[in-house]
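First up is the structure itself, then whatever we jot down about it.
Counting starts at 1 for both ligands and their atoms, in listed order. Everything numeric here is computed off the predicted structure, so don't read it as measured data.
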Amino acid sequence: MDLISESLGVNAKGHLTLGGMDVPALAQKHGTPCYLMDEDGIRNVCRAFNSAMRAHYGGEFLIAYASKALSVSHLYRVMREEGMGFDVVSGGELYTALRAGVPASVVYFHGNNKTEAEIRMGLEAGVRRFVVDNREELAVLHRLAKEGGFRPDISFRIKPGVEAHTHEFVQTGRIDSKFGLALETGEAEAVIGEALALPHVNLVGIHCHIGSQIFDAEPFAHTVAVMMQFMAAVRDKFGHTLTELNLGGGFGIRYLPSHRPRSLEEVVSLTAGAVTEHARRLGLPLPALVLEPGRLLVGPYGITVYTVGSVKEIPGVRTYVAVDGGMTDNPRFALYGAEYEVVLPERMEDPRDTMVTVAGRCCESGDLLARDVSIPAPRAGELLAVLGTGAYNYAMASNYNRVPRLPIVMVSGGTDRVILRRETYEDLVRNDL
Ligand code: LLP
């Protein structure tokens with residue numbers, strides 16, 4: 001059986017395993033619904049990323065985990081141990097990272113509308129890079145830096161105009177995007193000119209992010225050409241050499257067995273090769289290369305385990321299987337029509353002969369987790385798992401209908417440990433006055 005991730009398997013009992021551990025036994029111990037994650041899988045992909053970069057890129061580099069995919073203290077510690085830097089997009093992510101012991105010197109601070117309080121927080125912490133989105137942010141950052149006696153290193157978010165094939169709502173490299181400065185209109189060049197005249201910021205690089213869940217390597221290589229051409233234009237116009245190129249994230253993963261993203265090795269070698277080639281062609285020094293994978297580092301290593309409540313067969317229409325979670329722990333179907341692989345962890349070897357639609361428990365017809373998926377005929381009381389939920393699930397969870405958020409149980413080396421506890425009803429009313 002093709003299970004989309006090397007963290008998953010089937011044991012002699014015909015049970016789903018994660019990191020070699022029996023998923024039904026974990027569900028029994030921790031209760032459902034719950035997220036289960038494989039720390040060893042996460043560590044392995046971090047190592048693979050770093051070693052691919054070492055093998056294919058001659059310049060300095062940093063892999064900055066885009067922590068919006070899953071921002072939890074334990075994960076920052078794991079990623080830091082594996083030599084990752086971090087992309088944060090809010091004061092909350094920055095706070096979590098710093099409190100988990102991440103040094104600010106490896107933190108890239110993103111966001112298209114950072115508040116003054118967040119900018120101050122970043123300045124005081126000494127983040128490695130402010131990735132500035134727009135002119136107004138530049139002005140505020142400069143004013144606050146001057147007031148506080150700082151001179152932060154900055155880069156600018158650029159819209160390279162590259163369209164990667166992905167879901168429209170997560171496409172961010174085009175000109176019609178709320179993120180970053182446009183190249184075509186001259187906006188990027190003008191704002192860079194302004195920044196170079198400001199004494200309290202130090203412009204070191206440019207950044208872009210061309211979309212998410214990208215399966216090919218070509219969009220990245222094409223982006224490199226556009227971005228480096230712009231670096232050369234900045235040098236020619238202002239006599240200022242930018243020394244860092246940050247290409248963002250977007251590396252696609254397998255949600256379904258039919259998904260075939262290019263291997264990490266291929267994407268890295270093609271991208272790093274393009275940077276090297278364009279640097280030579282344009283007479284630019286090899287820039288420090290930063291990549292910001294989010295989904296790729298956590299998505300495949302998480303699953304969500306539910307208990308089936310009702311099985312409602314509507315003859316000639318469809319069969320709804322309701323589980324004890326839903327859009328509150330995974331809003332991605334509701335938001336993007338995202339597709340997931342669904343299995344019954346206690347009966348992995350039974351024939352998948354029944355087409356069902358998996359529904360959540362919220363008062364909302366759109367609260368679905370998967371539509372028209374084939375699984376063994378489900379029964380009330382048994383387990384159902386959605387695979388590949390490590391990224392943008394807990395991160396996007398809500399308390400709609402005052403449903404408490406799920407715990408995250410991390411497995412590693414045959415042991416399991418709760419890294420995020422289940423919310424209680426008491427947690428839900430904690431801020432009610
Ligand atoms: N860097 C920047 C500047 C980004 O905006 C993003 C994602 C990433 C890195 C990481 O992208 P990744 O490698 O994870 O694709 N909630 C959506 C995804 C939104 C991603 C936004 N930015 C989803 O559930 O698919």
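The A66 neighbourhood of ligand 1 comprises atoms 8 (C), 9 (C), 10 (C), with distances under 4.0 Å to a heavy atom of that residue. Within ligand 1, the atoms closer than 4.0 Å to a non-hydrogen atom of R157 are 3 (C), 5 (O), numbered from 1 in the order shown. When each atom of ligand 1 is checked for a heavy atom of H207 under 4.0 Å away, the hits are 3 (C). In summary, the atoms of ligand 1 found under 4.0 Å from a heavy atom of E292, numbered by their order in the structure, are 1 (N), 2 (C), 3 (C), 8 (C), 9 (C), 10 (C), 13 (O). Close contacts of ligand 1 with M396, meaning ligand atoms under 4.0 Å from a residue heavy atom, involve 16 (N), 24 (O). Residue S212 approaches ligand 1 through these ligand atoms, each under 4.0 Å from one of its heavy atoms: 11 (O), 12 (P), 15 (O), 20 (C). Taking every non-hydrogen atom of G249 and a distance limit under 4.0 Å, the qualifying atoms of ligand 1 come out as 1 (N), 9 (C), 13 (O). Close approach of ligand 1 to P293 (heavy-atom distance below 4.0 Å) involves ligand atoms 13 (O).
Residue contacts with ligand 1, taken as heavy atom pairs separated by less than 4.0 Å, involve H209 solely via side-chain atoms from C-beta onward. Within the 4.0 Å heavy-atom criterion, the part of D87 lying near ligand 1 is the side chain and not the backbone.
At least one heavy atom of G250 sits less than 4.0 Å from an atom of ligand 1. Contact between F179 and ligand 1 is absent, with no heavy atom of the residue lying under 4.0 Å from the ligand.
Residues R254 and I4 approach most closely at O-CD1, 3.4 Å, considering heavy atoms.
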Handout entry: Test log, rule side chain to side chain contact (heavy atoms under 4.5 Å, CB included), inputs L16 and L344
Key = CA-CA 8 Å; L16 177 66; L344 299 184; over 6 Å; no
Exercise for the section: Go through R352 and E341 one step at a time and tell me if the salt bridge (charged side-chain N to carboxylate O under 4.0 Å, His left out) criterion holds. Expected result: CA-CA 12 Å; R352 298 162 67 111; E341 179 75 342; 3.4 Å; yes
Exercise for the section: Applying side-chain hydrogen bond (donor to acceptor under 3.5 Å, both in side chains), run through S263 and E266 and close with a yes or a no. Expected result: CA-CA 5 Å; S263 75; E266 284 176 291; 3.3 Å; yes
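If you look at Y76 and F86, their ring centroids are closer than 6.0 Å.
Below 3.5 Å of separation, one finds no N or O of Q213 facing any N or O of ligand 1. At least one N or O atom of Y336 sits closer than 3.5 Å to an N or O atom of ligand 1.
No option in K146, H142, R151 other than H142 meets the side chain to side chain contact (heavy atoms under 4.5 Å, CB included) test with P199.
Considering OH of Y301 and CG of L8, their distance stands at 10.0 Å, rounded to 0.5 Å. Distance OG1/T357 to CG/L369: 10.5 Å, rounded to 0.5 Å. Put simply, OG1 on T243 and NE2 on H240 are 7.0 Å apart, with the number rounded to the nearest 0.5 Å.
Neither side chain, Y306 nor N330, offers a donor N or O lying under 3.5 Å from an acceptor on the other.
In this comparison of H110, K68, R295, the heavy atom closest to atom 6 (C) of ligand 1 sits on K68.
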